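Encoded as structure tokens, the structure appears first; notes follow it.
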Amino acid sequence: MTSTERQQTESQFEVDRYDPSDLELKWRARWDESGLHKTRDTVEGKPNWYALVMFPYPSGDLHVGHWFQYVGADAHARFKRMEGFNVLHPQGFDAFGLPAENAAILNNINPAEFTRETIENARRQFRLMGTSYDWDREIITCEPEYYKWNQYFFLKFMEKGIAYRADGPVNWCNSCQTTLANEQVKDGACERCGTVIERRNMTQWYFKITDYADELLDMDNIDWPDRIKLMQTNWIGRSEGADFNFDISEYGIEAQHITTFTTRIDTVYGVTFIVLAPEHPLVESLTQPDQAEAVQAYIASAAAASEVERTSTEREKTGVPTGSYAINPLNGDRVPILVGDYVLASYGTGAVMGVPAHDERDFVFATKYDLPIRVVVAPDGWDGSDLEEAYLAPGAQVNSGEFDGLNSTEGMQKISDKIEAEGWGHRTISYKMRDWLISRQRYWGTPIPVVYCDDCGTVPVPVDQLPVELPREAQFKPTGRSPLIDDESFVNTTCPRCGKPAKRETDTMDTFMDSSWYHLRFTDPHNDDAPFDLERAKNWMPVHRYMGGVEHAVMHLLYSRFFNKALRDLGIVDFDEPYTRLFNQGIMTTEGGKISKRNRPMPADPLVERFGTDTVRTYLMFLGPWGDGGMWSDEGMNGPSRWLNRVWDLANRDPERLGSVPVDNAVDSGILRGGHALSKKAVVDFEAFKFNTVIAGLMEYTNELAKAWDAGGVSPATWSEAIERTLLILAPIAPHITEELWERTGHEFSIHSQSLPSWKEDLTMAETVTIVVQINGKLRARLEMPADSTEDQVAAVAMAESNVQAHTEGKQIRKQIYVPNKLLNLVVG
RNA sequence: GGGGAAGUGGCGAAAUGGCAGACGCGCAUGCCUUAGGAGCAUGUGUCCAAAAGACGUGUGGGUUCGAAUCCCACCUUCCCCA
């Protein structure tokens with residue numbers, strides 16, 4: 001290129017420089033007008049693809065963490081579109097729930113008003129991101145048109161016995177002033193606010209998710225990260241064991257026995273004590289008068305400790321005797337009954353049989369309280385001496401009556417048979433997972449559609465009276481009881497069955513109810529007669545690619561699977577799983593940690609103002625693999641910004657100006673082949689959410705193009721094709737600039753309706769390749785050879801290299817390894 | 001305590017059995033500019049003045065012609081569970 005030409009390019013660049021602000025506005029308006037993102041249920045010749053990203057809580061500004069999530073999901077959906085699918089990529093708002101309600105309280109406005117404002121703002125920001133949502137399918141879960149169907153499903157669940165009301169211990173968050181499901185308690189604290197959870201006894205509504213425990217464990221047919229599957233498996237916590245009854249009939253109380261749950265019935269002859277959870281219902285009646293004071297005091301102190309503290313292996317095991325004894329029906333042993341807080345009322349039966357010889361915690365406990373330790377499963381070569389620590393592995397049964405000599409694995413079966421035959425207990429399966437507690441003592445949620453009548457009891461609201469609307473003007477500040485209790489016009493109603501005065505249920509539903517089926521509503525979002533039409537849903541379901549954060553592994557993702565199976569059993573859907581493939585994006589961090597609303601919110605608006613949406617998108621996708629998250633740095637934005645300017649510059653050059661220099665076949669073929677290789681690689685990388693390497697590949701290619709332009713030798717046709725490929729591959733990541741350049745390079749609207757560039761396999765490799773020559777595994781020479789050279793050809797050239805000769809001189813070549821187009825390794829000695 | 005994921009330049013990272021550090025940031029030098037949070041060019045793992053060479057992917061071992069990649073042990077960080 002001559003200096004005059006360079007000046008021309010530069011002056012052209014000055015006049016028509018890349019200015020994202022106008023250009024991005026222009027194209028977003030054009031996309032809206034043309035209905036580019038409207039999704040039809042079916043399109044001739046295109047298979048459907050449901051690309052779903054977890055919808056947000058509208059609790060404030062969307063920050064760069066949201067951008068990271070939603071831009072990645074959008075880029076992947078756009079990629080699928082350009083791969084030839086008819087893509088549904090919808091968006092909505094998970095608008096009920098504590099974040100919105102708390103924010104509203106803080107700002108002293110009604111949650112409905114607050115939510116409306118934040119949704120408007122979020123919608124604006126989603127547009128600013130350049131996302132390709134079809135807004136005609138938007139869902140807002142706090143609108144009666146949506147939550148009506150929550151109520152509908154609740155009633156269906158009641159009919160089927162999946163929803164039930166029960167009294168029992170619940171998790172109470174004193175800061176959020178509501179109960180929580182077990183899944184919403186992390187490390188003994190409220191998942192939302194971090195307050196330590198209290199136990200209370202309350203009457204609440206539950207969903208029988210435990211009925212589906214075994215089915216939920218079966219994840220063979222879903223393509224999810226192993227990590228998430230493992231977390232769900234552990235959460236469900238299936239353990240096979242036995243319930244076994246110890247006799248307490250000597251006390252003359254109503255209960256004749258204490259039922260313990262154990263996974264090690266083979267060790268039952270080694271029981272030397274029983275431990276009850278402090279909350280166990282028999283504690284009171286079994287406490288003897290001389291122990292009453294100590295037990296009372298102990299229960300009080302246990303109540304102050306959280307579950308996490310109580311079960312920590314670090315913490316000293318404590319307990320007090322009740323003064324009562326229980327008889328082991330197998331051997332007639334009379335063993336003491338203690339109360340100990342390392343036993344939880346909520347797991348198993350709330351009572352454990354203490355086998356110190358074969359359980360670590362029991363061993364520690366027995367040592368501390370000087371209780372006998374009796375070996376009943378012998379370690380290999382055991383000489384009858386005392387154990388230093390609990391022996392957990394299988395072994396030979398000893399001190400086990402008629403079962404002596406059996407291997408304990410067999411003993412487990414034989415003893416189970418015996419206790420079942422004698423009626424002392426039975427094999428059973430215990431799960432860690434509890435039923436899903438659905439009631440919340442908060443205002444901003446779906447009213448539970450139930451009426452309590454003095455005569456008829458608990459009466460479901462008839463479906464034709466739905467929705468039970470949430471009163472707009474109610475008192476909504478949390479007081480520890482449901483705010484709706486104070487709204488008399490809401491509470492007081494008539495019994496749907498007998499017509500007498502009755503009272504409404506005033507608790508609202510957990511918001512995970514909303515997100516358990518929203519993916520179905522997106523397929524038929526305006527249906528007034530049903531939550532969705534099954535035939536319409538089946539156009540899309542199950543979701544082909546679900547994208548979202550790992551934090552929902554045992555909350556939303558477990559609830560949704562349960563919900564789908566429940567709907568299937570009600571005949572409402574006919575598939576087993578809601579989400580076929582799951583991909584978790586990583587977490588966006590700063591030096592201060594995770595970016596969230598609470599921690600360095602980092603709004604994106606100022607960045608967009610300075611750099612433009614496409615640069616922010618490209619930057620975020622370039623940080624690293626989407627699945628690994630990214631570390632924010634203020635400096636990094638310059639790279640993508642410069643690069644998009646260079647793409648702009650390259651694509652705006654007139655290819656005809658290349659015609660003045662004769663075509664150099666080597667250069668021309670290099671550009672052509674580079675384009676084919678890039679097109680092939682892009683599909684693989686996009687599919688794997690490796691947007692960073694797609695961008696790196698594009699950068700490498702545009703660097704090559706810039707060099708080739710300066711050096712000359714590329715034909716205008718090759719150049720134009722190269723630019724076209726670059727724009728098409730970049731389009732899912734930077735939708736605005738590519739649309740503008742697509743038009744400027746003489747193409748028809750829209751680039752986003754095009755297919756990704758095709759490639760020919762034989763053009764994806766360069767004409768010449770670098771072959772590495774190693775001697776004994778050490779690099780000694782590099783050869784430029786025609787692609788697909790034979791081993792003999794390569795070896796001949798290699799042996800002519802002076803450095804190769806120097807290292808093989810006087811030595812024998814013992815072995816020669818050839819990897820085509822890559823490497824020749826000579827083993828000498 | 002158990003389980004899982006990860007550990008590569010000053011930084012984000014690439015390479016998943018075959019040239020370690022692609023691509024980018026930052027930095028350095030030079031050019032251009034009234035100016036620059038602009039642009040362009042060149043350089044940038046360590047040792048060595050440089051070349052040649054050697055060393056180099058948390059640590060130590062192993063498998064292999066060849067290991068960042070596979071195996072074993074350990075250390076560190078993060079996540080989940082107790």
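In what follows, every heavy atom counts, from backbone to side chain, and hydrogens, waters and symmetry copies are set aside. Every value quoted in this text rests on a predicted model; they were computed, and no experiment measured them. A, B, ... follow the sequence lines: proteins, then strands. Residue 1 opens every chain.
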Quiz item: Mapping A/Arg782 and A/Lys432 to their closest nucleotides on RNA chain B, which lands nearer the 5' end?
Solution: A/Arg782
Quiz item: Reckon A/Asp628 touches a base, only the sugar-phosphate, or nothing at all at heavy-atom distances under 4.0 Å?
Solution: nothing
Practice problem: Could you tell me the separation between the NZ atom of A/Lys229 and the P atom of B/rA5, rounded to a whole number of Å? | Solution: 14 Å
Quiz item: For A/Gln774, which contact category applies under a 4.0 Å heavy-atom criterion: base, sugar-phosphate, or nothing?
Solution: base
Exercise. Select one nucleotide: of B/rC80, B/rG4, B/rG18, the one nearest the side-chain heavy atoms of A/Ile817.
Key: B/rG18
Quiz item: With Watson-Crick and G-U wobble geometry limited to distances under 3.5 Å, how should the secondary structure of RNA chain B be encoded in dot-bracket form, using | for bases paired to another strand and [ ] for crossing pairs?
Solution: (((((((..(((.....[....)))((((((.......))))))(((.....)))..(((((..]....)))))))))))).
Quiz item: Does the side chain of A/Glu784 pick up a donor-acceptor pair with the side chain of A/Thr770 at under 3.5 Å?
Solution: yes
Quiz prompt | Residue A/Asn803, side-chain heavy atoms: nucleotide from B/rA14, B/rC19, B/rG53 that is nearest | solution = B/rG53
Check the interface with nucleotides 24-28 of chain B: list each N/O to N/O pair with the protein under 3.5 Å, or write none.
{"from": "B/rG24", "atom 1": "OP1", "to": "A/Asn703", "atom 2": "ND2", "distance (Å)": "3.1"}
{"from": "B/rC25", "atom 1": "OP1", "to": "A/Arg642", "atom 2": "NH1", "distance (Å)": "2.5"}
{"from": "B/rG26", "atom 1": "OP1", "to": "A/Asn638", "atom 2": "ND2", "distance (Å)": "3.0"}
{"from": "B/rG26", "atom 1": "OP2", "to": "A/Arg642", "atom 2": "NH1", "distance (Å)": "3.4"}

Exercise. Check the angle between the aromatic planes of A/His76 and A/Phe689 and answer parallel, tilted or perpendicular using the 30° and 60° thresholds.
Key: parallel
Quiz item: Would you call B/rG9 syn or anti, using the 90° rule around 0?
Solution: syn
Quiz item: Tell me: CG of A/Leu698 to P of B/rA22, nearest whole Å?
Solution: 18 Å
Quiz item: So, A/Ser560 side chain and A/Leu557 main chain: donor-acceptor pair closer than 3.5 Å or not?
Solution: no
Quiz item: Within the pair A/Lys690 and B/rA15, is there a side-chain N or O less than 4.0 Å away from OP1 or OP2?
Solution: yes
Quiz prompt | Candidate nucleotides B/rC23, B/rG18, B/rG4, ranked by approach to the side chain of A/Leu230 - the nearest | solution = B/rG4
Exercise. To the nearest Å, give me how far apart CD (A/Glu704) and P (B/rA22) are.
Key: 16 Å
Quiz item: Do the side-chain N or O atoms of A/Asn821 get closer than 4.0 angstrom to the phosphate oxygens (OP1, OP2) of B/rG18?
Solution: no
Quiz item: Taking the inter-plane angle between the rings of A/Phe512 and A/His552 on a 0 to 90° scale, is it parallel (under 30°), tilted (30 to 60°) or perpendicular (over 60°)?
Solution: perpendicular
Self-check item: Ring centers of A/Tyr559, A/His556 separated by less than 6.0 Å
Solution: no
Quiz item: Do the side-chain N or O atoms of A/Lys707 get closer than 4.0 angstrom to the phosphate oxygens (OP1, OP2) of B/rC40?
Solution: no
Practice problem: Quick one: list whatever passes salt bridge (Lys or Arg N to Asp or Glu O under 4.0 Å) with A/Arg561, sequence neighbours left out. | Solution: A/Glu577
Quiz item: Is the closest side-chain heavy-atom distance between A/Asn776 and A/Val827 below 4.5 Å?
Solution: yes
Quiz item: From B/rG4, B/rA14, B/rA20, pick the nucleotide closest to the side chain of A/Arg227?
Solution: B/rG4
Quiz item: B/rC65, B/rA14, B/rG53: which one has an atom nearest the side-chain heavy atoms of A/Arg780?
Solution: B/rG53
Self-check item: A/Tyr431 versus A/Asp214, side-chain donor and acceptor atoms under 3.5 Å
Solution: yes
Exercise. Select one nucleotide: of B/rG12, B/rG4, B/rC80, the one nearest the side-chain heavy atoms of A/Met231.
Key: B/rC80
Self-check item: Given RNA chain B, 5'-ward residue of the pair A/Lys822 and A/Phe611, judged by closest heavy atom
Solution: A/Lys822
Quiz item: Do the rings of A/Tyr212 and A/Phe562 sit parallel, tilted or perpendicular, given the 30° and 60° boundaries?
Solution: perpendicular
